[in-house]
Amino acid sequence: MIIEACHIAQFGKWKDADFSFSPGKNSFLWDNGYGKTSFIYFFKLMFYGVSGDRKQDLEENERKHYMPFQGASFGGRIIFRIGEKRYRLERSFGLKKSEDSFRLFDEDSGKESKDYSENIGEELFSLDAESFQRVCMISHEDLHFSMNSRMHAKLGNVAEDQEDMKKFQQVQTILKDGINALSPNRRTGNIFKLKMQEEELSSGLYGKEALENAVLSIEKEVLSLTEKEAERKEEGKVLEAELSQRISEKDSLGKWMSYAQKKEEWEKAEYRYENALKWYYQDRFSEIPEEKKTLLWKEEMQSLQEQIHSIKKEIEKVSEAGGENNGVEAEKEEGIVLPLEEASVPGASRAKKDTSKNETFGNGTKEMGQYSTSPVVLFALVGLGLLFVLLFFGKLFGMPLGLPSALFLLLGILFLSLCFFLWWSGEQKKRTWKEKQEEEEARQRKQQAIRFASLEELLSRFHKLEDMQDLEMEVAGRKEAFLRFVEEEGGEQAFSLLEEKQKEWEEGPSLEESRRKLEAFRKEEEERREEIRKKRAEREAKVRDLEFLEEQERLLEQKKEEREALEKRYNLLQKTKAYLEMAKERFALQYKEPILEAFQKYFQSICTEPLQFQMSEDLELSFVDRGLSREQGYLSEGLQDLCRFCQKLAIFDAMFREEKAFLLLDDPFSHLDEKNGARARALLEELAESRQIFYFTCSEERKLSD
């Protein structure tokens, strides 16, 4: 393939530039910044189109990198020849991929050609854009070399079967990822994870046997307690029957209990009444006949009522002078109103006295007013006295008054003295009257206190007699209730039979004792049932734990099966990867040796160093030093660049054995010394006879000869 000419419409800093090229050597001596790199990439983009549209980095996004600053479309055309046929490739690039255009013409006829599509680069060179850049574009900035599947396909003459070669590296990556994902040695490997899970599950199964024995032991205890419970059921039935019998007997003797209770209540009431009589009569109790013991206290009660009534009348007469008796509560008994509250509560008497005192004081105030001088008279006398005193002082200060000043002063003193005398005499009379009044009130209070003390004593005795009256009524009521009950239930004879049964019933175990025995038995049974429930709950808990361990054991077996299956798959993937590597090595042997021979030839034509090189199936170079294989990094920077340059030339030759592609060289000898650089340029002169070479440099010393 030969590029004859090109036109750059716009591309980077280039604009409306035309170039014509020779079939062999094309050398360009351009200064830095002139556009060498853009010119080289122009050829790549014309054949392969732009890439990296989604990249943000300007160096990786070719559309942004080579688009003019004004944002217009960019591109151009290339005229090239394949064999005897000439083509014109026209391509332009817009702001986005949808604005890109591609057209291919037959240069001789001018008609549009369908021989190649817009993927013309891959169709012409059997390489993708990345591989084309690695093989056909050699720059001093990046002489490093790495293989990919498309390059392997091209070197192995299987470029037409691209799908298998494209998938080789993908398969290798998938196998590697699969092996790493399954690895038994990596912490992220599934086999490693399963082993860890198996160890964890196994450690949890150590107590399974002890747990099974514990479940069996608890089950035996539960059976033993259940058997004891069944044996004690008969004993419980006996106790229940005994208690039921005692309850039945007690129900049948209920009448006897009522009889005894009513009789006991009657006897107790009589006892209390008799004790009350003894207390009342004291030593006279044994001397008084039985028929009079009841009459005497009743007669005394009647007498007390009359005395209380009489004293009450006297107190009411004394209190009538003070108005109504407020706060006095009356007690009615047998038609007689008794001032009980006044007699029993001293505060009531005191309140009555205070009320009477206030009323008396009100009346006394009226009487006291008769002994005092009228305030009007006193004020008049004081006024006259002060007036004459003022006239006296007026006369002294020169007022024209007809009387002498001494007379005014004498009259003023006289009136004031008279006023004082009248006031003082009235106060003395009041004091005398007040003392008499207080003596009278003290006498009345003393008399009233004597009356109230007598009334309180009489009321106290009267209330005690009332209690005796209540006891007498209670005895009568208890007796009547007892006799009525006996008569209703069949007389004393029926109760005598019940009394005999009562004695028999008392000789046997009591109802409470039978009830306590049954309650103790039931409590014991409940404790035994509670113990059985606890044991069963404990057994159920341990059974659940055992079921969990059995589930763990089942899960452990499942994990083991999964691990064994993964290990089989892991081994299969390793073998598959090994076989693919072996196939790759055998495939690489087809072109590795020719490439190594071509490399040695190119290297020795430039460098005189006696180095022996080796090449891997990935075409990685190493050299032999004293029998040991060493990487290129041990060489100097210049020798490393020389090795990479020669390696790329050898690979270029191996890839394009028949139809040679063009080579784009961007100052590849900048790191070589003068001698090696001269020999390298001489090698290019020789190579240019069989292939088209574009050589760019910024140094006069490194340019090719014209």
Please check this pair: side chain of [X] against backbone of [Y], looking for a donor-acceptor N/O pair closer than 3.5 Å.
X      : Y      : answer
Tyr87  : Asp106 : no
Arg569 : Gly178 : no
Asn61  : Lys55  : yes
Glu90  : Leu104 : no
Gln10  : Ser73  : yes
Asp100 : Gly94  : yes
Asp31  : Tyr34  : no
Trp14  : Gly35  : yes
Asn180 : Lys176 : yes
Glu62  : Ser51  : yes

Out of Arg563, Lys559, Lys560, which one pairs with Lys195 under the side-chain contact (heavy atoms from CB on, under 4.5 Å) rule? Arg563

Does Phe102 have any ring pair (Phe, Tyr, Trp, His ring centres under 6.0 Å) partners at least two apart in sequence or in another chain, and if so, which? none

Using ring pair (Phe, Tyr, Trp, His ring centres under 6.0 Å) as the criterion, list what pairs up with Phe93, not counting sequence neighbours. Phe74

Between Ser636 and Leu639, is there a side-chain heavy-atom distance shorter than 4.5 Å? yes

If you take the centroid of each ring, where Trp contributes its six-membered ring, are Phe80 and Phe47 closer together than 6.0 Å? yes

Can we call the ring centroids of Tyr695 and Phe28 under 6.0 Å apart? no

In plain terms, say whether [X] and [Y] are close enough for a salt bridge, that is, a side-chain N and a carboxylate O under 4.0 Å apart.
X      : Y      : answer
Glu597 : Lys601 : no
Asp108 : Arg86  : yes
Lys85  : Glu107 : no
Arg533 : Glu530 : yes

Look at the aromatic rings of Phe43 and Phe694 and report parallel, tilted or perpendicular, splitting at 30° and 60°. tilted

Mark yes or no: Arg88 above the aromatic ring of Phe105, with NZ or CZ under 6.0 Å from the six-membered ring centre and no more than 45 degrees from the axis. yes

Over all heavy atoms of both residues, which pair between Ser622 and Arg630 is shortest? Give the atoms and the distance, please. CB-O, 3.1 Å

